[in-house]
Amino acid sequence: MDDGSGVDVRVLHVDDEPSLTDLVSVYLEREAGDVDLSVTTSASGADALDRLREEQVDCVVSDYDMPDIDGLEFLRAVRSEHPDLPFILFTGKGSEEVARDAFRVGATDYMQKDTGTDQYTVLANRVLNAVSQYRAKEASERYGTAIEALDSGVYSLDDSGHFTEVDSVFCELTGYERDDILGQHVTDLAMKDGDDLSDAFETVTSCEGADTERFETILAPGPYADHDEILCEGHLAGRQDGDEEPGVIGTLQDVTERSRHRERLHYETRLKDAVLDTSTSLMSAEADEIGTKIEWTLQTVGEVSDLARCSVFLYDDETNVAVQMHDWQEDGCQVNHPTRVALDDADWLVERLNRFENIRLHNTSDLPPGASNTKEILETAETGGFVAVPMVSKWTLIGFIVFDVTDEGRSWTDTEVDLLRSVGDNVAHTLARQRREHELQRQNERLEEFASVVSHDLRNPLNVAKGFVELASEEDDVSHLSRAIDGLTRMDTLLNDVLTLARQGRKVGDTEPVTVAQVAERAWKAVETGDAVLVAEDGIGSTQADQGRLQQAFENLFRNAVEHGSDGDAAETETLVRVGPTETGFYVADNGPGIPEEDRGTVFEHGHTTSESGSGFGLSIVESIVEAHGWEIAATAPEPDLGGARFEFDVGGVRPEVEPRFSLSND
């Protein structure tokens, strides 16, 4: 398939579900664009093998779970008869082991079934790409031998190894005029010592030697050569002239590209093995190993690919920046990738990533004029050439990985870029899994905390209420009911706080720029504060937040300050609460009794309270709201002029363990 247009592509789709094969056929034929693509279907592997023997097929798309033989057994059978035929395993069995085994057996591609129709566009593209590469390889192999023969130079040598005749192809190849090469010794052509040439000549001219001999040498360029050096393969054969004087006839061929192709195939095989190994490692990584395994993946791929640096960037949709989360660089590389990239300053790059495109650049100078801001970033990082691949989860861009070199002129092949894209897919899936596991862990922790409340904290006031109700009944004394009401009130407080924490979870709704001081003032008006006073300092500024959730955090802190401000010695002075700016966010402080230094690390734990009427969930709710925004909160040393509690909100950092700030969709 030369350009992918107007050429028949015949696809055999193997699946035991008739309704699905019909659906896939319709979408593949429709999504193939200008290509005349037709799909035939088969319900079993055995039937599909018969069709392959009888019909012309350009690509096989097969399910994994089938009644007679599974997809891997079918693939092995296909490979025994059709070693190179494009084969795509399209399956709902989402197993890393199946994917790894499929590639090892010889699958061209692996794609997991998903919901929605967008997947068929992707499948159609993969089919057309696989067929295009297969046909190009087939054509190259078909005509390669003939072309090589046409490109061979022919020459003759006398019995001492000096040139007696050369043809025009030989002159063009070596860069010599015919008269200049005649009379020279054959070893004069070699860039180095010419031992291979000398040994081959002695073999074919000796009585005991072989009739023909092959050699390889790096050719020294002649005065008219358009190259510095080339790798050549030659053959020498002994002959007899008419006067019975021994001589040698030889051929010489430029095999530089063939050697490079062979080295490229060897490299791509090693890279494929590295991608498979790192994929297995990532998929089996425990939650606390994921960061280490990602960086090991970058190092492994970087060393196999002879790269200078690899970096994983996650997209922060609140600040519209890409934040470097993991990186690797080779020893001796002096310049790091930037840790944060404003996406507005790299719009050429971002536009393509948002289309889920792989981006390759052989030279920074190849960037178009409209990409000047991207070029500036690359030049600052001393990037010569790079590949950037998007990281996608549930059709959402969550970030990208950059693989680069500092020297210009690096050539990136399609196979190499596809394998690097696989690395990006593996890292994206791993980060999504990490997020799901973190969320499940937090949910389990909350369930355990709720169980503790139900089994312990609620049992105490329930026993109090029950006991005083029984006393009131036995003694016919209603005064006991007031104590029972206290217990019920305590239960009501606990239940409300538990339900609040359960409903709030650790997620936020839509965020928008909010003025922190205004949110604090609204929260103050929503709380019973008595004679307490709120002071909002200048310069607090704005931040990106879910306004309702942030207001609730302020309400809990203000309520906590007022309640504790009425305890002990603090009750003798007017309660004062202050909200002010910090370098990375803002703080809330009061003039109450404060928090002992040894307790500042535990005040956010569920059930932590110093008040008889408190539930111990107020500060825990505040922490859940803060973490849902991707911020941090800490109880810190008191303000010198207040001496009470002080809570500092850090809204300026992005921590690796906080995925909710990024566009990782909920799976």
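When reading the values below, keep in mind they use all heavy atoms of this one structure, side chains included, and skip hydrogens, waters and symmetry mates.
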ask   = Between Asp50 and Arg53, does a salt bridge (charged side-chain N to carboxylate O under 4.0 Å, His left out) hold up when you go through it step by step?
value = CA-CA 5 Å; Asp50 290 339; Arg53 296 184 184 107; 3.1 Å; yes

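- The line from CG of Leu298 to OG of Ser311 is 7.5 Å long, rounded to the nearest 0.5 Å.
- Between the side chains of Arg100 and Thr280, a donor-acceptor pair is found at a separation under 3.5 Å.
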key: Leu85 and Leu52: CA distance, side-chain angles, deciding distance, side chain to side chain contact (heavy atoms under 4.5 Å, CB included) verdict   = CA-CA 10 Å; Leu85 181 67; Leu52 285 173; 3.9 Å; yes

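- In this structure, the side chains of Leu123 and Ile88 come closer than 4.5 Å at one or more pairs of heavy atoms.
- Put simply, the side chain of Thr383 does not reach to within 4.5 Å of the side chain of Leu361, judged on heavy atoms.
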query = Please walk me through it: do Thr203 and Phe215 pass side chain to side chain contact (heavy atoms under 4.5 Å, CB included)?
reply = CA-CA 11 Å; Thr203 298; Phe215 64 88; over 6 Å; no

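- Between the Glu289 side chain and the Glu286 main chain, a donor and an acceptor come within less than 3.5 Å of each other.
- In this structure, Phe400 and Val341 have side chains that are not in contact, with every pair of non-hydrogen atoms separated by 4.5 Å or more.
- Between Leu72 and Ala102, the closest heavy-atom pair is CD2-CA, 3.6 Å.
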message = Please evaluate residues Leu431 and Ile294 with respect to the criterion side chain to side chain contact (heavy atoms under 4.5 Å, CB included), reporting the C-alpha separation (whole Å), side-chain torsions for both, the decisive distance (0.1 Å), and the verdict.
response = CA-CA 9 Å; Leu431 290 174; Ile294 289 176; 3.8 Å; yes

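- In this structure, the separation between OG on Ser42 and CG on Asp63 is 12.0 Å, given to the nearest 0.5 Å.
- Residue-environment remark: CD (Glu172) stays at or below the threshold of 12 foreign heavy atoms within 6.0 Å.
- Judged by distance alone, the side chain of Ser132 and the main-chain N or O of Leu128 form no donor-acceptor pair under 3.5 Å.
- Salt bridge present: Glu351 and Arg355 bring a charged side-chain N and a carboxylate O closer than 4.0 Å.
- Note: Phe87 and Phe74 meet the aromatic proximity criterion, with ring centroids under 6.0 Å apart.
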message = Pair Thr121, Glu31 - check side-chain hydrogen bond (donor to acceptor under 3.5 Å, both in side chains), show working.
response = CA-CA 6 Å; Thr121 303; Glu31 296 295 332; 3.2 Å; yes

Side-chain donor-acceptor pairs under 3.5 Å in residues 300-307, sequence neighbours left out?
{"residue": "Thr300", "atom": "OG1", "partner": "Trp296", "partner atom": "O", "Å": "2.9"}
{"residue": "Glu303", "atom": "OE2", "partner": "Gln299", "partner atom": "NE2", "Å": "3.2"}
{"residue": "Ser305", "atom": "OG", "partner": "Tyr267", "partner atom": "OH", "Å": "3.1"}
{"residue": "Ser305", "atom": "OG", "partner": "Val301", "partner atom": "O", "Å": "3.0"}

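- Side-chain atoms of Thr217 never come within 3.5 Å of backbone atoms of Leu219 as a donor-acceptor pair (strictly under, hydrogens ignored).
- Side chain of Thr256 to backbone of Leu231: a donor-acceptor contact under 3.5 angstrom is found.
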request  = Go through the steps for Asp36 and Val9 under the test side chain to side chain contact (heavy atoms under 4.5 Å, CB included), then give the verdict.
outcome  = CA-CA 6 Å; Asp36 184 8; Val9 173; over 6 Å; no

ask   = Between Arg104 and Asp277, does a salt bridge (charged side-chain N to carboxylate O under 4.0 Å, His left out) hold up when you go through it step by step?
value = CA-CA 11 Å; Arg104 292 196 186 281; Asp277 290 342; 3.6 Å; yes

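- Put simply, the residue from Gln329, Gln324, Arg309 that forms a side-chain hydrogen bond (donor to acceptor under 3.5 Å, both in side chains) with Asn336 is Gln329.
- Counting all heavy atoms, side chain and backbone alike, Pro390 lies closest to Asp425 at O-OD1, 4.5 Å.
- We find the NE2-CG distance between His82 and Leu75 to be 12.0 Å, quoted to the nearest 0.5 Å.
- With a 6.0 Å radius and a threshold of 12 heavy atoms from other residues, nucleotides or ligands, Lys113 has its NZ atom above the threshold.
- Of the possible donor and acceptor atoms, one in the side chain of Thr413 sits under 3.5 Å from a partner among the backbone N and O of Glu416.
- One finds the CZ atom of Phe103 at 5.5 Å from the CG atom of Asp109 (value rounded to the nearest 0.5 Å).
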task = Carefully, step by step, assess Glu55 and Arg10 under the rule salt bridge (charged side-chain N to carboxylate O under 4.0 Å, His left out).
result = CA-CA 9 Å; Glu55 304 172 9; Arg10 298 168 181 83; over 6 Å; no

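- Contact detail for Phe356 and Thr396: the closest heavy-atom pair is CZ-N, 4.2 Å.
- Between the side chain of Arg410 and the backbone N or O of Asn363 there is no donor-acceptor pair closer than 3.5 Å.
- Between Val389 and Gly424, the shortest heavy-atom distance links the atoms CG2-CA, 4.1 Å.
- The closest donor-acceptor contact from the side chain of Arg51 to the backbone of Asp47 lies at 3.5 Å or more, if one exists at all.
- Between His337 and Asp327 the shortest side-chain heavy-atom distance does not fall below 4.5 Å.
- One finds the CZ atom of Arg360 at 4.5 Å from the CG atom of Asp414 (value rounded to the nearest 0.5 Å).
- With rounding to the nearest 0.5 Å, the separation of CG in Asn426 from CD1 in Ile401 is 9.0 Å.
- A distance-only check finds no donor-acceptor pair linking the side chain of Thr41 to the backbone of Thr21 [under 3.5 Å].
- Electrostatic pairing of Arg79 and Glu81 does not count as a salt bridge here, judged by no charged N lying under 4.0 Å from a carboxylate O.
- Side-chain contact check for Arg433 versus Ile290: some heavy-atom pair is nearer than 4.5 Å.
- Between Gln119 and Phe90, some side-chain heavy-atom pair lies under the 4.5 Å cut-off.
- When all heavy atoms of Val423 and Thr297 are compared, the closest pair comes out as CG1-CG2, 4.0 Å.
- A distance-only check finds a donor-acceptor pair linking the side chain of Thr269 to the backbone of Leu265 [under 3.5 Å].
- In this structure the side chain of Met66 reaches within 4.5 angstrom of the side chain of Val14, judged on heavy atoms.
- Side-chain contact between Asp167 and Tyr155 is absent, with no heavy atoms from C-beta onward closer than 4.5 Å.
- The two residues Ser62 and Gly71 have their closest heavy-atom pair at OG-CA, 4.4 Å.
- Although no hydrogens or angles enter the test, the distance criterion places a donor-acceptor pair under 3.5 Å between the side chain of Glu29 and the main chain of Val39.
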